[in-house]
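These notes are about the structure you will find just below.
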Amino acid sequence: SFLDVAVNNDVDLEGFGACEGTLSCSTCHIIFKPEDFRKLSSKPTDEELDMLDLAYGLTDTSRLGCQVN
Ligand code: FES
């Protein structure tokens with residue numbers, strides 16, 4: 001997932017991925033460009049959508065990074 005990539009590459013994103021991919025935070029919120037969003041193979045689950053509702057600055061092309069492969 002995006003979270004793994006960020007962690008494995010020591011990307012310094014303050015607070016990113018606080019719950020380590022267990023769908024209990026929204027710190028991994030990512031806003032995709034529409035063309036990139038359409039290319040994502042997975043659709044968000046209800047659990048992801050619930051957590052996304054809490055994310056700051058939610059958009060139509062928002063996903064949680066830890067849930068996107
Ligand atoms: Fe917490 Fe993705 S890292 S929901």
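Start at 1 and go down the list; that is how both ligands and their atoms are numbered. Residue numbers start at 1 and run along the sequence shown. Please read all numbers here as calculations on a predicted model, not as lab measurements.
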H29 side chain to G65 backbone, donor-acceptor under 3.5 Å: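 Flag not set: sc H29 to bb G65 has no pair under 3.5 Å.
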Nearest non-hydrogen partners of S26 and A55, listed with the distance: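 Closest heavy-atom pair between S26 and A55: OG-CA, 3.7 Å.
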Could you tell me which atoms of ligand 1, counted from 1 in the order shown, lie closer than 4.0 angstrom to a heavy atom of [X]?
X	result
C28	2 (Fe), 3 (S), 4 (S)
G17	3 (S)
L23	4 (S)
G21	3 (S)

Test item, S26 contacting ligand 1 (heavy atom, 4.0 angstrom):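 Not so, S26 does not reach ligand 1.
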Criterion side chain to side chain contact (heavy atoms under 4.5 Å, CB included) on L64 and L23, from CA distance to verdict: CA-CA 8 Å; L64 291 179; L23 267 185; 3.5 Å; yes
SG (C19) - atom 1 (Fe) of ligand 1 - SG (C25) angle, nearest 10°: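 It rounds to 110°.
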Heavy atoms from other residues, nucleotides or ligands near CG of D53 exceed 12 (cutoff 6.0 Å):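 Atom CG in D53 is crowded, with more than 12 foreign heavy atoms closer than 6.0 Å.
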Close side-chain approach of L58 and L52, heavy atoms under 4.5 Å: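 The answer is yes; the side chains approach within 4.5 Å.
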